[in-house]
> 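Sharing a structure with you now.
Predicted model, so just to flag it, every value in this text is computed and none were measured. In what follows, chains are A, B, ... by sequence order, proteins preceding strands, each numbered from 1.
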Amino acid sequence: MIEFERTKELAKKNKLTLLEVNDKAGLGKRTIYNWKDRKPGSLALSAVAKVLHTSTDYLSGRTDDPNPHQKETVSLDHEVPYSYHGYHVPEEYLNMVRELMEKDIRERRARKNDRGQQ
Amino acid sequence: MIVDNSERKNRLITYLFNYAFDNDIGYVFYKTNPRYPSLAWKWKREIAINMNWHNQDEVPFTIGHEIGHVMLGGPNTKQLCCIAYGTQIEEEKDADIYSLHLLYKYSCAQEDNFYDPLSFVKAYGIPNRMIGEAYKMFAEEEGYDAPDLMMENY
């Protein structure tokens with residue numbers, strides 16, 4: 001996966017081993033090594049981007065510019081909720097919760113509209 | 001002596017969800033893997049609580065914490081994720097302090113009358129990392145003198 005290749009490349013530039021990056025980002029044991037053949041979760045990728053002073057867009061190949069300052073505006077699709085004390089959020093959990101939250105938000109909006117019409 | 005605190009904890013959880021509702025914060029709660037953290041979606045004013053969190057005593061505090069994220073807002077509301085921009089630690093701490101004060105407000109309304117911060121922290125399942133802040137809060141609100149040594153240790 002490109003995330004693994006770019007993490008490895010930037011780790012080298014920052015004079016860090018992958019294990020050190022993994023630890024500094026607070027990830028589970030050898031998480032980064034799993035990225036060789038599996039897409040990383042968005043929170044884990046963000047944590048690694050911070051350690052390597054880059055953006056998640058660079059790590060995932062959406063841009064070829066490793067400079068994080070290029071990325072101040074973010075599309076809504078990429079927004080991720082805060083997790084309690086930055087605990088790791090697996091992708092499947094995030095997707096499940098996002099669905100629940102979005103459903104609740106829709107229902108909340110509908111209730112508000114109903115009240116507005118009464 | 002074994003004390004059953006579940007009824008007390010349930011009342012507190014109900015209070016916290018009502019508090020969220022009163023402040024236009026939506027919430028969902030569920031039981032899943034005990035290691036999956038609760039979440040806050042600040043700009044949508046929505047929180048998600050894992051009621052099966054591995055530290056069951058800490059569940060009310062986590063609810064207050066997630067409410068805190070939404071209530072405190074902040075300039076990075078629409079950024080990808082706090083972690084990516086290095087503001088996470090400050091924001092997590094602020095949300096912790098919000099929760100601490102919210103639980104204390106509830107405790108006072110119950111007329112718990114805690115005389116020292118440690119008993120309060122223990123009774124409400126507040127994480128040990130908050131002991132220093134709890135001393136500060138008691139000092140501000142009750143004129144409680146925090147022992148210097150204790151403050152230094154935390």
> B:Val28 and A:Met101: which non-hydrogen atoms are nearest, and at how many Å?
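Distance-wise, the nearest heavy atoms are CG2-CG, 4.1 Å.
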> Determine whether more than 12 heavy atoms belonging to other residues, nucleotides or ligands lie under 6.0 Å from atom NZ of A:Lys24.
no
> Identify the heavy atoms of B:Ile25 and A:Arg108 that sit nearest to each other, and give their distance.
C-NH1, 4.0 Å
> Let me check something: do B:Val121 and B:Ile13 share a hydrophobic cluster, defined by ILVMFWY side-chain heavy atoms less than 4.5 Å apart, either directly or through other members?
yes
> Could you tell me whether the side chain of A:Tyr93 reaches within less than 4.5 Å of the side chain of B:Thr32, counting heavy atoms only?
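Sidechains of A:Tyr93 and B:Thr32: in contact.
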> Does atom CD of A:Glu9 have more than 12 heavy-atom neighbours, drawn from other residues, nucleotides or ligands, at distances under 6.0 Å?
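Counting neighbours around CD of A:Glu9, more than 12 heavy atoms of other residues, nucleotides or ligands fall under 6.0 Å, so yes.
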> Are B:Ile97 and B:Val70 grouped together when hydrophobic residues (ILVMFWY) are joined by side-chain heavy atoms under 4.5 angstrom apart?
yes
> Please check if B:Tyr98 and B:Ile131 belong to a single hydrophobic cluster, counting links between Ile, Leu, Val, Met, Phe, Trp and Tyr side chain heavy atoms closer than 4.5 Å.
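B:Tyr98 and B:Ile131: one cluster.
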> Checking A:Lys103 against chain B: side chain, backbone, both or neither under 4.5 Å from a heavy atom?
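Contact with chain B involves no heavy atom of A:Lys103 at all.
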> Begin with the C-alpha distance, continue with both residues' side-chain angles, and end with the deciding distance and a verdict on side chain to side chain contact (heavy atoms under 4.5 Å, CB included) for B:Glu58 and A:Tyr84.
CA-CA 11 Å; B:Glu58 208 183 341; A:Tyr84 184 61; 2.6 Å; yes
> Between B:Glu66 and chain A, which part of the residue has a heavy atom less than 4.5 Å away: side chain, backbone, both or neither?
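For B:Glu66, side-chain heavy atoms alone lie under 4.5 Å from chain A.
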> Tell me, side chain or backbone of B:Tyr27 under 4.5 Å from chain A's heavy atoms, or both, or neither?
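When you check distances to chain A, only backbone atoms of B:Tyr27 fall under 4.5 Å.
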> Quick one, A:Val97 with B:Trp41, criterion side chain to side chain contact (heavy atoms under 4.5 Å, CB included). Give me CA distance, side-chain angles, the key distance, then yes/no.
CA-CA 10 Å; A:Val97 173; B:Trp41 208 343; over 6 Å; no
> Can you tell me which portion of B:Asp96 sits under 4.5 Å from chain A's heavy atoms? Options are side chain, backbone, both or neither.
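Just its side chain gets close to chain A.
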> Please check if atom CZ in B:Phe21 has more than 12 non-hydrogen atoms from other residues, nucleotides or ligands closer than 6.0 Å.
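No.
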> Out of curiosity, does A:Leu19 fall in the hydrophobic cluster containing A:Val48 (side-chain heavy atoms, cut-off under 4.5 Å, transitive links)?
yes
> Taking A:Leu100, A:Leu45, A:Val89, A:Ile105 one by one, which has the highest count of heavy-atom pairs under 4.5 Å against chain B?
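Looking at each option in turn, the highest pair count goes to A:Ile105.
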> Check the pair A:Asp104 / B:Lys44 against salt bridge (charged side-chain N to carboxylate O under 4.0 Å, His left out), numbers first and verdict last.
CA-CA 11 Å; A:Asp104 188 59; B:Lys44 289 204 175 179; over 6 Å; no
> Using a cut-off of 6.0 Å, state whether more than 12 heavy atoms not belonging to B:Phe29 lie near its atom CZ.
no
